[in-house]
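One structure below.
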Number of protein chains: 2
Amino acid sequence: MYRWQRRSIHVLGGLTKVPKGELPAVGTCAEIHHTFTSNDVENFAQLTGDTNPLHLDPIFCTKTQFKKPIVHGILCTSLFPTIFGATLPGSIYVSQSIRFKKPIYVNEPLQIRIEVTQVKERMRLVICNTECFNAQGEVAITGQANVLLPK
Amino acid sequence: MYRWQRRSIHVLGGLTKVPKGELPAVGTCAEIHHTFTSNDVENFAQLTGDTNPLHLDPIFCTKTQFKKPIVHGILCTSLFPTIFGATLPGSIYVSQSIRFKKPIYVNEPLQIRIEVTQVKERMRLVICNTECFNAQGEVAITGQANVLLPK
C-alpha cells in the first residue's frame, strides 16, 4: 500500500538551507505541517503491534476523556527525526525527551517545530527544543533532542 | 499491504497478568522479542517521511560508522508503548525519555524490556525503566516512561 512516491512530507525553515558540511546557528528553526489519517494510524498499529483502542476504536474512545481516536503519541514524535533525516542526511539521533501534554486527534492537522538552542561545534552536536502543536496552536508535545550532524 | 491479521507482536512477562483495574507491583516486568525487516523500515519511512539514508541506502551506509542500514531509533522505541497498549488497553503515555546508545540493524532481532520502578497509586501512574537490547544482548536504547493506567 505504501510506496515511496505516495507522499512526501515537506520540511520548512532555516534548517533546510544549511549548506552541506556546515552547522546551523543557534536559533535556526524547522517545521513540518502534517495530518495523520486513520489509515496511517492503522498502519502504525500494525507495524508496532500497539493496538491500544485509544487509537483504533471509536466506540471505546467515547467512554474516555478523549471522546474520539487519538494518534499514537510516538508517531507524532517520529516527525522530529524526520526533520533531520530529510534535510541533513546521515544525521544521528543521540537522545530525545518527550512529554505528551495534549492529544493529537486522527485527521487533525499538526505542526512539528524544532529550534536549535545549542551547538557543540567540535562534536558536531546540536541541541534542539522540539514541539508539536495541535490544530488550535496549543502545545501538545514538548521535549528536547540531541543530534549529531554529518560532515 | 498491512492488515490487522498480518502480524501480532507478543508481550511476555508479569505485566500481561495484571488483573483488570489493578496496578502492577514495583518490579513487574514485560518484554517483546521482535525483528524489524527492510519492508518495515521502508513503510515507517513512508509513514513519517524520514528518508534518512542511514535507514534506507545500503551504499550510503558503507561510508558510515554503521556500515549497513539501521532501524529508525524511534521505530524501536515505539515498542515501549506497545507493551502498555497491547496489555492494558486505555493506558495513556505521559512521557518518555530516550537515549540511543547503539544501532539496531535491519533484520536484527531485538528485545524490548520494561520494569516498573515506581507506582503512584492515587494517580494510577507507573514509572518504568525502558530498555532495548540488540542481538548481542547489549543495551542499545535506554530511558524512562511515565504511564497512566486505566481503571
Side-chain angles (χ1 to χ4, degrees), chain A residues 1-11 32 34 36 40 42-57 60 63-66 70 72-75 77-86 88-101 103 143 145-146 150, chain B residues 1-11 32 34 36 40 42-57 60 63-66 70 72-75 77-86 88-101 103 143 145-146 150:
Chain A
M1 179 187 290
Y2 280 123
R3 286 288 61 153
W4 286 93
Q5 59 276 25
R6 199 186 74 96
R7 174 205 286 166
S8 57
I9 293 180
H10 293 291
V11 184
I32 289 173
H34 190 62
F36 285 113
D40 293 331
E42 284 182 22
N43 278 302
F44 185 73
Q46 186 60 50
L47 195 56
T48 63
D50 185 349
T51 55
N52 195 326
L54 286 180
H55 310 303
L56 300 163
D57 184 344
F60 177 94
K63 295 169 204 148
T64 70
Q65 60 182 286
F66 302 122
I70 63 175
H72 296 80
I74 211 147
L75 177 54
T77 307
S78 300
L79 295 177
F80 297 133
T82 293
I83 285 178
F84 291 94
L88 298 161
S91 295
I92 298 170
Y93 243 68
V94 176
S95 66
Q96 173 82 54
S97 63
I98 315 162
R99 178 162 286 274
F100 300 105
K101 296 166 78 84
N146 287 18
Chain B
M1 177 188 292
Y2 282 125
R3 285 289 62 154
W4 284 94
Q5 59 276 25
R6 198 187 74 95
R7 175 206 285 164
S8 56
I9 293 179
H10 292 291
V11 184
I32 289 174
H34 190 62
F36 285 113
D40 293 331
E42 284 182 22
N43 278 303
F44 186 72
Q46 187 60 50
L47 196 55
T48 63
D50 186 349
T51 55
N52 195 325
L54 287 180
H55 310 302
L56 300 164
D57 183 345
F60 177 94
K63 297 170 203 147
T64 70
Q65 62 181 285
F66 302 121
I70 63 176
H72 295 80
I74 211 146
L75 177 54
T77 307
S78 300
L79 295 178
F80 296 133
T82 293
I83 285 178
F84 291 94
L88 297 162
S91 294
I92 298 170
Y93 244 67
V94 176
S95 66
Q96 172 82 54
S97 63
I98 316 162
R99 178 163 286 272
F100 301 104
K101 297 165 78 85
N146 287 18

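Residue numbering restarts at 1 for every chain, and letters A, B, ... go by the order of the sequence lines.
With contacts defined as side-chain heavy-atom distances shorter than 4.5 Å, the pair A/Leu47/B/Leu75 qualifies. No side-chain heavy atom of A/Phe100 sits under 4.5 Å from any side-chain heavy atom of B/Ile92.
Contacts between B/Phe44 and chain A at a heavy-atom distance below 4.5 Å involve backbone atoms as well as side-chain atoms. Proximity to chain B involves both the backbone and the side chain of A/Ser78, based on heavy atoms less than 4.5 angstrom apart.
Interface remark: of the candidates A/Asn146, A/Val94, A/Leu54, A/Val94 forms the most heavy-atom pairs closer than 4.5 Å to chain B. Contacts with chain A were tallied for B/Ala145, B/Pro81, B/Pro150; B/Pro81 has the most, counting heavy-atom pairs under 4.5 Å. When each of A/Gly143, A/Gly73, A/Ala86, A/Pro89 is checked for heavy-atom pairs under 4.5 Å with chain B, A/Pro89 comes out on top.
Not one N or O on the side chain of B/Ser97 forms a donor-acceptor pair closer than 3.5 Å with the backbone of A/Ser97.
Expressed to the nearest 0.5 Å, how far CD of A/Gln96 lies from CD of B/Gln96 amounts to 10.5 Å. Here the CG atom belonging to A/Asn52 is positioned 13.0 Å from the CD1 atom belonging to B/Ile83, to the nearest 0.5 angstrom. Taken from CD in B/Gln46 to CD1 in A/Ile9, the straight-line distance is 8.0 Å, to the nearest 0.5 Å.
Annotation for A/Thr77 and B/Ile74: closest pair CG2-CD1, 3.7 Å, computed over non-hydrogen atoms. Here the closest heavy-atom approach between residue B/Thr48 and residue A/Leu79 is recorded as O-CD2, 3.3 Å.
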